[in-house]
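Reviewing the structure listed below.
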Amino acid sequence: MSDLLVLGIETSCDETSAAVLHGAHDLRSHVILSQDMHAVYGGVVPELAARAHLQVVDDVVGRALDDAGCMLAELDGIGVTAGPGLIGALLVGVCWAKAAAYASGVPVVGVHHMEAHLFAPHIEDPAAEPPFVALLVSGGHTLLLHATAWGEYRLLGRTRDDAAGEAFDKVARLLGLPYPGGAPLEALATEGDPARYSFPRPLLASSGKPGATEALDFSFSGLKTAVATQVAELEANGGLDAERAHVAASFQAAVNDVLATRAAQAVERTGTGRILVAGGVSANGALRRELRRRHPPEVELFHATPRLSVDNGAMVARTAAFRLLLGESSDLDLSADASLPFPGLRE
Ligand code: KG4
Ligand code: ZN
């Protein structure tokens with residue numbers, strides 16, 4: 001890849017982030033500011049998120065440019081998450097990027113948030129390139145893809161209801177943990193017995209058969225309900241405190257069993273001995289260990305470090321660089337789209 005200098009801006013949910021990336025792997029600067037006020041409400045409040053992005057976007061991008069020692073006009077492109085995400089939050093980044101592009105004459109590139117997650121591991125590891133099976137697990141999406149090349153993706157499965165991260169967040173809330181709940185739930189689960197409760201593994205029974213062609217879909221809302229029922233029962237008996245860690249561990253084991261089983265089925269179907277896991281939930285160490293345990297050593301497993309697993313500007317810059325090298329950029333009438341289609345994704 002020739003060495004483009006690209007600014008990436010991410011404001012799709014509750015992180016305001018900007019990064020300057022040179023080429024594919026030389027991260028010159030990276031600023032991530034997480035909004036913590038949503039913890040009070042137990043989830044992201046879209047209007048508050050948009051206002052908070054607006055307050056800090058100038059400073060976050062300014063700091064990323066300063067840290068990289070570069071000026072807007074020196075950039076080859078400005079990448080910005082254009083969707084999917086919260087519309088008000090997305091608009092803050094998109095408007096900032098377009099104004100900067102207009103003022104500096106640098107091209108702007110609207111980036112798909114989930115495609116950006118797919119690129120994140122490659123920033124740190126040049127080997128994390130297609131072909132691979134991709135398990136994209138975040139707070140808003142759960143997708144299983146076969147990536148044959150960058151920009152060419154086949155959909156193998158998606159969630160029919162809650163996303164994996166959403167399930168972690170909802171169960172964490174039931175257990176009295178702060179939002180976002182994935183990391184605190186993982187910490188609590190280390191003290192628990194994953195076999196204490198046998199929570200359901202929805203949809204797995206139907207699709208694992210040899211020769212099956214149906215979608216390798218996910219469903220997490222029934223699992224969440226089963227945990228809620230168990231928690232209510234324990235609360236009624238006064239036994240919840242003693243069991244919280246066991247509930248957390250058993251829930252996490254169920255989610256990770258579903259995710260790892262689906263990844264294994266995707267490997268079998270596609271014949272691709274390479275798995276990439278990305279998105280916020282890929283920060284879960286137990287998930288990565290489960291994926292490793294299910295596959296022989298010759299199956300390669302790629303993931304990013306936690307900072308690049310959650311929402312960040314670096315992955316947006318990396319994706320924009322890929323689009324720019326294809327000769328693609330966006331017009332200045334680029335808008336945010338809360339349900340932007342995944343580019344290059346075939347059903
Ligand atoms: O990709 P991301 O930062 O934002 C979205 O695009 O949604 O993912 C956020 C999600 C949250 O649901 C959060 O609870 C989850 O990732 N998460 C985790 C862990 N760290 C973050 N889930 C499980 N285990 C973790 N260690
Ligand atoms: Zn994300």
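Reckoned from all heavy atoms, side chains included, excluding hydrogens, waters and symmetry mates. Order of appearance sets the numbers: ligands from 1, and atoms from 1 within every ligand. From a predicted model like this one, the values you see are computed outputs, not experimental measurements.
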Inset, instruction - Test D257 against R294 for salt bridge (Lys or Arg N to Asp or Glu O under 4.0 Å), laying out the working first. - result: CA-CA 10 Å; D257 185 17; R294 299 274 185 115; 2.4 Å; yes
Inset, instruction - Please calculate the NE2(H113)-the Zn ion (ligand 2)-NE2(H117) angle and round it to 10 degrees. - result: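 For NE2 of H113 and NE2 of H117, the angle centred on the Zn ion (ligand 2) reads 100°.
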Using a strict 4.0 Å cut-off to heavy atoms of [X], name the atoms of ligand 1 that fall inside it.
X	result
H113	6 (O)
G165	12 (O)
V310	3 (O)
S138	1 (O), 5 (C), 6 (O), 7 (O), 8 (O)
G140	7 (O)

Among all protein heavy atoms, pick the one closest to [atom] and tell me residue, atom and distance.
atom	value
atom 26 (N) of ligand 1	E186 OE1, 2.9 Å
atom 18 (C) of ligand 1	G182 CA, 3.5 Å
atom 2 (P) of ligand 1	D311 OD1, 3.2 Å
atom 7 (O) of ligand 1	G139 N, 2.8 Å
atom 24 (N) of ligand 1	N284 ND2, 3.0 Å
atom 13 (C) of ligand 1	D169 OD1, 3.7 Å
atom 21 (C) of ligand 1	G280 O, 3.4 Å

Legend entry - Among F220, F168, Y197, ring-ring contact (aromatic ring centres under 6.0 Å, His included) partner for F251: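 The option that passes is F168.
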Inset, instruction - Please name the atom of D311, restricted to N, O or S, that is closest to the Zn ion (ligand 2). - result: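 Checking each N, O and S atom of D311, the shortest distance to the Zn ion (ligand 2) belongs to OD1.
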Inset, instruction - Applying side chain to side chain contact (heavy atoms under 4.5 Å, CB included) between L7 and each of V316, L72, L21, report the one that passes. - result: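 Running side chain to side chain contact (heavy atoms under 4.5 Å, CB included) over V316, L72, L21 with L7 returns exactly one hit, L72.
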Legend entry - Crowding at CZ, R173 (>12 non-hydrogen neighbours, <6.0 Å):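 Incorrect, the count does not exceed 12.
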Legend entry - Atom CZ of R201: over 12 foreign heavy atoms under 6.0 Å: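 Enclosed: over 12 neighbouring heavy atoms sit under 6.0 Å from CZ of R201.
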Inset, instruction - Using distance alone, determine whether E15 and ligand 1 share an N or O pair under 3.5 Å. - result: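 Min N/O separation from ligand 1 is not below 3.5 Å for E15.
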Inset, instruction - Would you check the N or O atoms of G279, main chain and side chain alike, for any that come under 3.5 Å of an N or O of ligand 1? - result: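 No: no nitrogen or oxygen of G279 is under 3.5 Å from one in ligand 1.
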Legend entry - Proximity of H117 to ligand 1 by residue part, where a heavy atom lies under 4.0 Å: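 Looking at H117 and ligand 1, just side chain atoms fall under 4.0 Å.
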Between [Y] and [X], is the closest basic N to carboxylate O distance under 4.0 Å?
X	Y	answer
E243	R196	yes
R28	D67	no
R323	E115	yes
E347	R158	yes

Inset, instruction - May I ask you to check whether H141 brings an N, O or S atom to under 2.8 Å from the Zn ion (ligand 2)? - result: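 Checking H141: none of its N, O or S atoms is under 2.8 Å.
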Legend entry - Minimum heavy-atom distance between A89 and H53, given as atom pair plus value: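 Reported closest heavy-atom pair: CB-CD2, 3.5 Å.
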Inset, instruction - Check whether any side-chain N or O of S282 sits under 3.5 Å from a backbone N or O of G279 as a donor-acceptor pair, and report yes or no. - result: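 It does hold such a pair.
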